[in-house]
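Below is one structure, written out as C-alpha cells; the observations come after it.
Below, read A as the first sequence line, B as the second, and so on, with proteins coming before strands; counting in each chain starts at 1. We use all heavy atoms of the structure for the numbers below, so side chains are in, but hydrogens, waters and symmetry mates are not.
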Protein chains: 2
Amino acid sequence: MADVETARGLRKTLHDRGMRMTPQRQLVLDAVRSLEHATPEQICQRVQETAPTVNITTIYRTLDLLDRLGLVRHTHLGHGAPSYSVEDHQHVHLVCHVCGSIQEIPCELLDPLVGTLRERDGFELDASHLALSGTCRDCLKQEQEIE
Amino acid sequence: MADVETARGLRKTLHDRGMRMTPQRQLVLDAVRSLEHATPEQICQRVQETAPTVNITTIYRTLDLLDRLGLVRHTHLGHGAPSYSVEDHQHVHLVCHVCGSIQEIPCELLDPLVGTLRERDGFELDASHLALSGTCRDCLKQEQEIE
DNA sequence: CTATTTGCAAAGCTTTTGCTAAGTT
DNA sequence: AACTTAGCAAAAGCTTTGCAAATAG
C-alpha cells in the first residue's frame, strides 16, 4: 500500500501517477479528517471557510480521487448524499431500514469476517466504514405489537 | 414478523395499518421479485409493460412502503440509483471501491456476525442484501505494482 | 511549453412534493 | 362522507460534463 498518510507521502503518490498536490486537495482532505462522516455539501462549506472560491465541483472531483487512493471512504447511510470519512475512523454503522436510525458499533466485531473473506476471496474488507442494514430493537418491538 | 410472503398475508398486513392492497402495489412487488437487483427506473419499465399509465412516483412510493414492511430491500452498489430486490434473494456483495467491481458470496458467511449483533444490540441484521466495501484481489495486486 | 487542475455554468439524473382526481370502505 | 391511493407536473436535490482560464512542472 502506497504511503498516503503523510502530506509528503500523498504528494509522492500523486506524483507517481502524474498528478499534483494542490491547496484544494489538502483542504478537502483536512475537512474530511476533521468532520468525520460529512456529505460533499458539508465538506464544501468547511473548505470555503478557508478558501471561499473553491467550487463544489472540485469537492466532488477531489473526493472521488481520494476515495480511489484509499485515503477516504464513502458510505451510504440511508438515501440521499453519501457520507465521507477518513480511513481510520473506526466503527461500523447499523442502519435500521424501518425507521432509518443509525447506531455505531466497534469494528472489531467484524474481525472474523475480515479473515474469512481474505482467505476465501482475496478480498480486503474495509471494516472501518460499513453500513449494515437490518431492523433495530425498537422497530422489532413495534412490529410485534401490530401483529 | 407479520406474514407478508403471500398475497393474502400482505393484504392483511396493509389492512392492519389502515392501508390497501392495490394492483399497482402487486405489480411493483412482482417486478422486484422477477428482476432481482433492479433500479426504480427498471422496475417502472417492467410494470409499464403491463400497466403503461403507472407513474414512476408510484414506483418510488411503493418501493418505500415495501421496504418499510420488510418485503423488499435496497442496496447501494456504488454511486447512483439504489438497487431493490426481494427479501429472499440470498447473497452478499463485495464491492471494490477502487474499480467498482462486484462479486457475490453466500450469506451464510455472515451467520456468526448476525448472532453477535442480535445478542449484543438487539439488532436483526438482514444479511441477505449487504454490500461490503473493500479492495478486490486485482486492485490489491495493482497497488503493489505501482509501489 | 505541455499537461494537469480549477471554476463556472449548464445539463443530467434521481427523487420528492403538492395537488387534484379517482377509488375503497 | 371520510380516507387512502394514483397520476401529473413541477420542484428539489445531488452529481457530472464541457470548456476556458489558471497553474505547476
Point-to-point distance, once rounded to the nearest 0.5 Å, from [atom1] of [X] to [atom2] of [Y]:
| X | Y | atom1 | atom2 | answer |
| --- | --- | --- | --- | --- |
| A/D121 | B/L132 | CG | CG | 10.5 Å |
| B/R11 | B/Q26 | CZ | CD | 9.0 Å |
| A/I43 | A/D30 | CD1 | CG | 11.5 Å |

Residues two or more places apart in sequence or in another chain: which of them pass side-chain hydrogen bond (donor to acceptor under 3.5 Å, both in side chains) with [X]?
| X | result |
| --- | --- |
| A/D138 | none |
| A/E108 | none |
| B/S34 | B/R46 |

Just how far, in rounded Å, is [atom2] of [N] from [atom1] of [X]?
| X | N | atom1 | atom2 | result |
| --- | --- | --- | --- | --- |
| B/L29 | D/dT5 | CG | P | 16 Å |
| A/H76 | C/dT14 | NE2 | P | 14 Å |
| B/E41 | C/dG12 | CD | C1' | 13 Å |
| B/D64 | C/dT14 | CG | C1' | 15 Å |
| B/R17 | D/dT5 | CZ | C1' | 17 Å |
| A/I56 | D/dC14 | CD1 | P | 9 Å |
| B/Y84 | C/dT14 | OH | C1' | 11 Å |
| A/I43 | D/dT15 | CD1 | C1' | 14 Å |

**Prompt:** For the helix from C/dC1-D/dG25 to C/dT25-D/dA1, what is the angle between the axes at its two ends, each from 5 pairs, rounded to 10°?
**Reply:** 30°
**Message:** Contact between A/Q45 and A/E49 at the side-chain level, heavy atoms closer than 4.5 Å - yes or no?
**Reply:** no
**Message:** How close do A/V72 and A/L63 get, counting heavy atoms only, and between which atoms?
**Reply:** CG2-O, 4.0 Å
**Message:** At less than 4.0 Å, is any side-chain N or O atom of A/Y60 found next to OP1 or OP2 of D/dT15? Yes or no.
**Reply:** yes
Each nucleotide N or O in nucleotides 5-8 of chain C that has a protein N or O under 3.5 Å away: list the pair and distance.
residue, atom, partner, partner atom, Å
C/dT5, OP1, A/R20, N, 2.8
C/dT5, OP1, A/R25, NH1, 2.8
C/dT5, O5', A/R25, NH2, 3.4
C/dT6, OP1, A/T22, OG1, 2.7
C/dT6, O3', A/Q24, NE2, 3.0
C/dG7, OP1, A/Q24, NE2, 3.4
C/dG7, OP2, A/N55, N, 3.3
C/dG7, OP2, A/T58, OG1, 2.6
C/dG7, N7, A/R61, NH2, 2.8
C/dG7, O6, A/R61, NH1, 3.4
C/dG7, O6, A/R61, NH2, 3.4

**Prompt:** What residue pairs, at least two apart or across chains, pass side chain to side chain donor-acceptor pair (under 3.5 Å) with a residue in residues 51-64 of chain B?
**Reply:** B/N55-B/T57, B/D64-B/R68
